[in-house]
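A quick write-up on the structure given underneath.
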Amino acid sequence: MRRLLLSAFALLLAFRASAAEQTVDLATGEWPPYVSQQLPAQGAFTEIVREAFRRAGYRAQLTFQSWPQTEWLTKTGKAAAAFPYRPTPEREKDFDFSAPLMRANSYLFYHKPHLPHPPQQFKSLDELRGYRIAIQLGYWYIPLFQQHRLNTLLTPDEVNALRQLQLGHMDLVPMVLERGLYLIHNIMPEHEKEFGYIPTPMDKDTPLGLMFSRSYPQAERIREDFGRALAQMEKDGSLKAIYQRHFPEATPPR
């Protein structure tokens, strides 16, 4: 009888724990290698997000959408947060942001056969005026390049820009380091060693975090719970471990 009561008590505790676990709706999009439905654990960023919410007592439920849609879902309170996003003055008018899960830097990639002697360092972007630089609409660096009067050429996307680089139609392509390495490795693996990047970063560390809704039920409490779990992950080293497992080749290390 005592054993039966203990078993029933254990089942009750398990039921309560399961019931206490709250589902949190999240929105994201395809941005490999950080987030993708095709990657292990759906990408490094997604793995960190799921683990932090798990530690905070939530079950993360993801929906993959276009980036404008992820922002709309979050703004209208249909999603608690969207990721990964960098805070900007415009976004901070409507959303709250978590602490950074990662920090990203953009570098200028080049094709070694067509640019055997690239600038190894530069103190000002003015030094790059003699190079043809591929750009894509909507990226943060466009006003910066315009300010320094660089020779920019519009390409549809970063994959096309890399192909133009390989053909010698472009000299430099700006990309977030991990994304550039990922695209080269997956799109043109047989030519991977032909590409390099200038070691001078174009920007300071850019924080990438969760962009939280202000209208989702209990949004503030969810954000605070997530923040505490994320801080714990950073303290115990699991945040860094997940990053390094997904990006063993990326330098400089985060």
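Quick note: numbers below take in every heavy atom, side chains included, and nothing from hydrogens, waters or symmetry partners. Sequence positions, counted from 1, serve as the residue numbers for this chain.
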| message | Nearest 0.5 angstrom please: N186 CG to L181 CG, how far? | response | 11.0 Å

| Do the side chain of R50 and the main chain of A60 share a donor and acceptor less than 3.5 angstrom apart? | yes

| said: In the structure I gave you, are the side-chain heavy atoms of Y58 and T23 within less than 4.5 Å of one another anywhere? | reply: no

| query | Thinking salt bridges, do D203 and R103 make one under a 4.0 Å N-O criterion? | reply | no

| field | Polar contact flag, side-chain donor to acceptor under 3.5 angstrom, Q218-R223 | value | no

| query | Is the side chain of Y216 donor-acceptor paired with the backbone N or O of D25 at a distance under 3.5 Å, no angle test? | reply | yes

| said: When you group the ILVMFWY residues by side-chain heavy-atom contacts below 4.5 Å and let the links chain together, are Y85 and L73 in the same group? | reply: no

| message | Nearest 0.5 angstrom please: K193 NZ to I184 CD1, how far? | response | 14.0 Å

| Does R55 use its side chain to pair, donor to acceptor, with the backbone of F226 at less than 3.5 Å? | no

| query | Where do G130 and D171 come nearest, in terms of heavy atoms and distance? | reply | O-OD2, 4.5 Å

| request: Would you please test H114 and L165 for side-chain contact (heavy atoms from CB on, under 4.5 Å) and show each step? | output: CA-CA 8 Å; H114 287 102; L165 203 64; over 6 Å; no

| request: From the options W31, F83, Y243, select the one residue that forms a ring pair (Phe, Tyr, Trp, His ring centres under 6.0 Å) with F45. | output: F83

| query | Would you say the side chains of T155 and Q164 form a donor-acceptor pair under 3.5 Å? | reply | no

| Just by distance, with hydrogens left out, do H185 and E192 show a side-chain donor and acceptor under 3.5 Å apart? | yes

| query | Any side-chain heavy-atom pair from L108 and V173 closer than 4.5 angstrom? | reply | no

| query | Quick one: do D94 and R91 make a salt bridge, cutoff under 4.0 Å? | reply | no

| query | Rounded to the nearest 0.5 Å, how far does CG of L177 lie from CE of M202? | reply | 12.5 Å

| Is any side-chain heavy atom of D205 less than 4.5 Å from a side-chain heavy atom of N105? | yes

| Test item: side-chain donor near acceptor, Q136 and Y141, under 3.5 Å | yes

| field | Test log, rule side-chain contact (heavy atoms from CB on, under 4.5 Å), inputs L183 and M175 | value | CA-CA 10 Å; L183 289 177; M175 285 186 291; 4.1 Å; yes

| Do Q121 and I198 have side-chain heavy atoms sitting under 4.5 Å apart? | no

| Can you name the closest pair of heavy atoms from K112 and Y110 and give their distance? | CG-CE1, 3.7 Å

| message | In the structure I gave you, are the side-chain heavy atoms of L62 and Q42 within less than 4.5 Å of one another anywhere? | response | yes

| Contact check, side chains of P32 and L39, non-hydrogen atoms, under 4.5 Å | yes

| Between E178 and H246, is any side-chain donor less than 3.5 angstrom from a side-chain acceptor? | no

| note | Heavy atoms of Q37 and E30 approach each other most closely as N-OE2, 3.0 Å

| said: If you compare all heavy atoms of P100 against all heavy atoms of L230, which two are closest, and at what distance to 0.1 Å? | reply: O-CD2, 4.0 Å

| message | Could you check whether T63 and Q65, counting side-chain N and O atoms only, form a donor-acceptor pair closer than 3.5 Å? | response | yes

| If you measure only the distance, is there a donor-acceptor pair under 3.5 Å linking the side chains of Y107 and T200? | no

| Taking every non-hydrogen atom, the tightest pair across T74 and A82 | OG1-CB, 3.3 Å

| field | Charged N-O contact under 4.0 Å between R54 and E51 | value | yes

| said: Could you walk me through whether Q22 and R59 satisfy the side-chain contact (heavy atoms from CB on, under 4.5 Å) test, starting with their C-alpha distance in whole Å, then the side-chain angles of each, then the deciding distance to 0.1 Å, before giving a yes or no? | reply: CA-CA 6 Å; Q22 180 181 339; R59 185 178 68 85; over 6 Å; no

| said: When you compare the side chain of R163 with that of M188, does any pair of heavy atoms fall below 4.5 Å? | reply: yes

| request: Test H111 against E194 for side-chain hydrogen bond (donor to acceptor under 3.5 Å, both in side chains), laying out the working first. | output: CA-CA 6 Å; H111 188 236; E194 298 175 9; 2.7 Å; yes

| Presence of salt bridge, E220 and R214, under 4.0 angstrom | no

| Nearest-0.5 Å distance that lies between atom CD1 in I242 and atom CE in M102 | 8.0 Å

| What distance separates L101 CG from T46 OG1, expressed to the nearest 0.5 Å? | 10.0 Å

| task | Output, in order, the C-alpha distance, side-chain angles, deciding distance and verdict of side-chain contact (heavy atoms from CB on, under 4.5 Å) for L115 and L172. | result | CA-CA 9 Å; L115 195 64; L172 300 169; 4.0 Å; yes

| field | Same apolar cluster: Y131 and L154, side chain cutoff 4.5 Å | value | yes

| request: Take the angle between the ring planes of Y197 and F109 and call it parallel below 30°, perpendicular above 60°, tilted in between. | output: tilted

| message | Could you tell me if the side chain of T28 sits less than 4.5 Å from the side chain of W67, heavy atoms only? | response | yes

| Taking every non-hydrogen atom, the tightest pair across K75 and S215 | O-OG, 3.2 Å

| query | Taking atom CD1 of I133 and atom NE2 of H148, what is their separation to the nearest 0.5 Å? | reply | 11.0 Å

